[in-house]
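Written below as structure tokens is the structure these notes are about.
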Amino acid sequence: MRFATWNVNSVKARLPRLLDWLTTTAPDVVCLQETKVAQDGFPGEVAELGYEVAAYGQGRWNGVAILSKAGLGDVRHGFDGEPGFPEAEARAVSAICGGIRFMSVYVPNGRTPEDPHYTYKLQWLAALRTALVPDLAAGPVVVAGDYNVAPTDADVWDPAVFAGSTHVTPPERAALAELRALGLSDVPARPLKGDHPFTYWDYRAGMFHQNKGMRIDLVYASSDIAGRVTDALVDREARKGKGPSDHAPIVVDIKD
DNA sequence: ATGACCCCTCTAAGGGGA
């Protein structure tokens, strides 16, 4: 099975590129984030490529989806105990595809460490941890998406630039460590260029072509899945050219 | 050349992203 995760930064703005990428990459399951579309407005062209679609969206902000050619069962919007800001936001969708519980997550940004959004981010990650306990007891799990946390200093292009910012603070990193303590492994993805598997590069100031990026999109997998990985890469080709997302996809192959 | 912000919509003296 081949699965992937990609923050597309608007599925409507990215549709031609998404359709081309799905055709050439041919993943069986895709977790999308920042679709920025209400679920009844999700583009039908994706289903025309043969994917079943579980979309959870609210319009202008956020929005997540799972695309699958491996079945799409027990779809859930959000998770038990998920906090809002203050209302519920479309940041998680999960489904069983090919016997694996896939969850596509778009973790809150946090804005600044002093902002109420940062508290929300930590509460959201803590609630996610609690909600995953029964899922992990039930079978194999993949939680993939935009975590908006760089797990280590090696995961940002210059740690000094991020001092005092969100995405690198000890509480955020501790929240990810709590997820890993459940038995989830951070699936390492190889960069196709350079030493760091960055997945995000700011649109501004030529950050991509200088490879000044961040590794904030992650694939967390239960041990049975992690042990079946045959390859994982950051598809930086999808970040090139005209009209890209500011995030690149991660593509993972596992043995059947 | 990968090439120097971009998405959305209350179309901005805007909000949000990270």
Side-chain angles (χ1 to χ4, degrees), chain A residues 5-18 20-21 24 32-39 41-43 55 57-65 84-87 89-91 105-122 124-125 145-169 171-173 175-176 191-218 233-249:
Chain A
T5 181
W6 193 8
N7 179 326
V8 289
N9 188 14
S10 171
V11 73
K12 286 192 283 190
R14 215 65 57 217
L15 189 60
R17 293 185 66 122
L18 174 63
D20 286 348
W21 181 84
T24 56
L32 298 179
Q33 301 86 38
E34 284 207 82
T35 54
K36 297 186 177 180
V37 68
Q39 53 226 37
F42 196 91
Q58 58 188 101
R60 182 178 189 181
W61 306 119
N62 312 311
V64 285
F85 191 70
E87 303 303 320
E89 298 185 314
R91 295 184 176 276
V105 295
Y106 175 49
V107 176
N109 174 292
R111 298 177 188 162
T112 70
E114 299 75 29
D115 196 290
H117 209 259
Y118 177 80
T119 305
Y120 167 50
K121 180 179 195 174
L122 295 178
W124 196 94
L125 285 166
D146 180 355
Y147 281 72
N148 270 321
V149 179
T152 74
D153 279 352
D155 296 318
V156 295
W157 60 275
D158 182 356
V161 170
F162 293 89
S165 299
T166 59
H167 296 63
V168 300
T169 67
E172 291 166 276
R173 289 174 170 172
L176 295 200
L192 295 184
K193 181 181 178 182
D195 298 328
H196 299 281
F198 296 143
T199 64
Y200 163 86
W201 302 260
D202 196 296
Y203 283 121
R204 291 168 287 192
M207 298 292 269
F208 176 66
H209 61 85
Q210 298 173 73
N211 200 26
K212 293 180 175 178
M214 305 172 75
R215 185 174 83 98
I216 52 174
D217 300 87
L218 306 171
L233 58 85
V234 180
D235 183 7
R236 69 191 308 283
E237 296 299 312
R239 181 63 177 79
K240 296 180 179 179
K242 180 176 173 58
S245 171
D246 43 4
H247 295 251

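Per chain, numbering begins at 1; letters A, B, ... match sequence-line order.
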When the distance from [atom1] of [X] to [atom2] of [N] is rounded to whole Å, what number comes out?
X: A/W61; N: B/dC6; atom1: CH2; atom2: P; result: 17 Å
X: A/F208; N: B/dA4; atom1: CZ; atom2: P; result: 12 Å
X: A/E34; N: B/dG17; atom1: CD; atom2: C1'; result: 7 Å
X: A/F85; N: B/dG17; atom1: CZ; atom2: P; result: 9 Å
X: A/F162; N: B/dA18; atom1: CZ; atom2: P; result: 12 Å
X: A/L218; N: B/dA18; atom1: CG; atom2: P; result: 13 Å
X: A/D202; N: B/dA18; atom1: CG; atom2: C1'; result: 7 Å
X: A/K242; N: B/dC5; atom1: NZ; atom2: C1'; result: 13 Å

Counting just side-chain N and O atoms, does [X] come under 4.0 Å of either OP1 or OP2 of [N]?
X: A/S10; N: B/dC8; result: yes
X: A/R111; N: B/dG17; result: yes
X: A/N9; N: B/dC6; result: no
X: A/R14; N: B/dC7; result: yes

Candidate nucleotides [options], ranked by approach to the side chain of [X] - the nearest:
X: A/H247; options: B/dG16, B/dA18, B/dC7; result: B/dA18
X: A/R204; options: B/dG17, B/dG16, B/dC7; result: B/dG17
X: A/N7; options: B/dA18, B/dG17, B/dC7; result: B/dA18
X: A/H209; options: B/dG17, B/dA4, B/dC8; result: B/dA4
X: A/R60; options: B/dA4, B/dG15, B/dA18; result: B/dG15

Looking for any heavy atom pair under 4.0 Å, which part of the strands does [X] touch: base, sugar-phosphate only, or nothing?
X: A/D146; value: sugar-phosphate
X: A/M207; value: nothing
X: A/E237; value: nothing
X: A/R239; value: nothing
X: A/Y147; value: nothing
X: A/D246; value: nothing

Looking only at atom types and distance, does a side-chain atom of A/R236 sit under 3.5 Å from a main-chain N or O of A/P197, one as donor and one as acceptor?
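Not at all, since once roles are kept as given, no pair shorter than 3.5 Å links the two residues.
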Between the main-chain N or O of A/G84 and the side-chain N or O of A/E89, is there a donor-acceptor pair closer than 3.5 Å?
no
Looking at every heavy atom in both A/V156 and A/M214, which two are closest together, and how far apart are they?
CG1-CE, 4.0 Å
Between B/dC10 and B/dA4, how far apart are the two C1' atoms, rounded to whole Å?
31 Å
Distance between P atoms of B/dA18 and B/dC8 (Å, rounded):
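About 15 Å, rounded to a whole number of Å.
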Pair A/R14 + A/D20: basic N to acidic O under 4.0 Å:
no
For B/dG15, which nucleotide is its Watson-Crick or G-U wobble mate, given both distances must be under 3.5 Å?
B/dC7
Kindly compute the distance separating OH (A/Y106) from CD (A/E34), expressed to the nearest 0.5 Å.
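Here the interatomic distance stands at 3.5 Å.
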Let me know, please, whether A/I216 or A/G243 comes out on the 5' side of the other along DNA chain B by nearest nucleotide.
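Its nearest nucleotide lies further toward 5', so the answer is A/G243.
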In terms of the nearest nucleotide of DNA chain B, which residue is placed more toward the 5' end: A/Y200 or A/G241?
A/G241
Within 6.0 Å of CG in A/D195, more than 12 heavy atoms from elsewhere:
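Result for CG/A/D195: open.
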side-chain contact (heavy atoms from CB on, under 4.5 Å), paired with A/H247, selected from A/V8, A/I216, A/V234:
A/I216
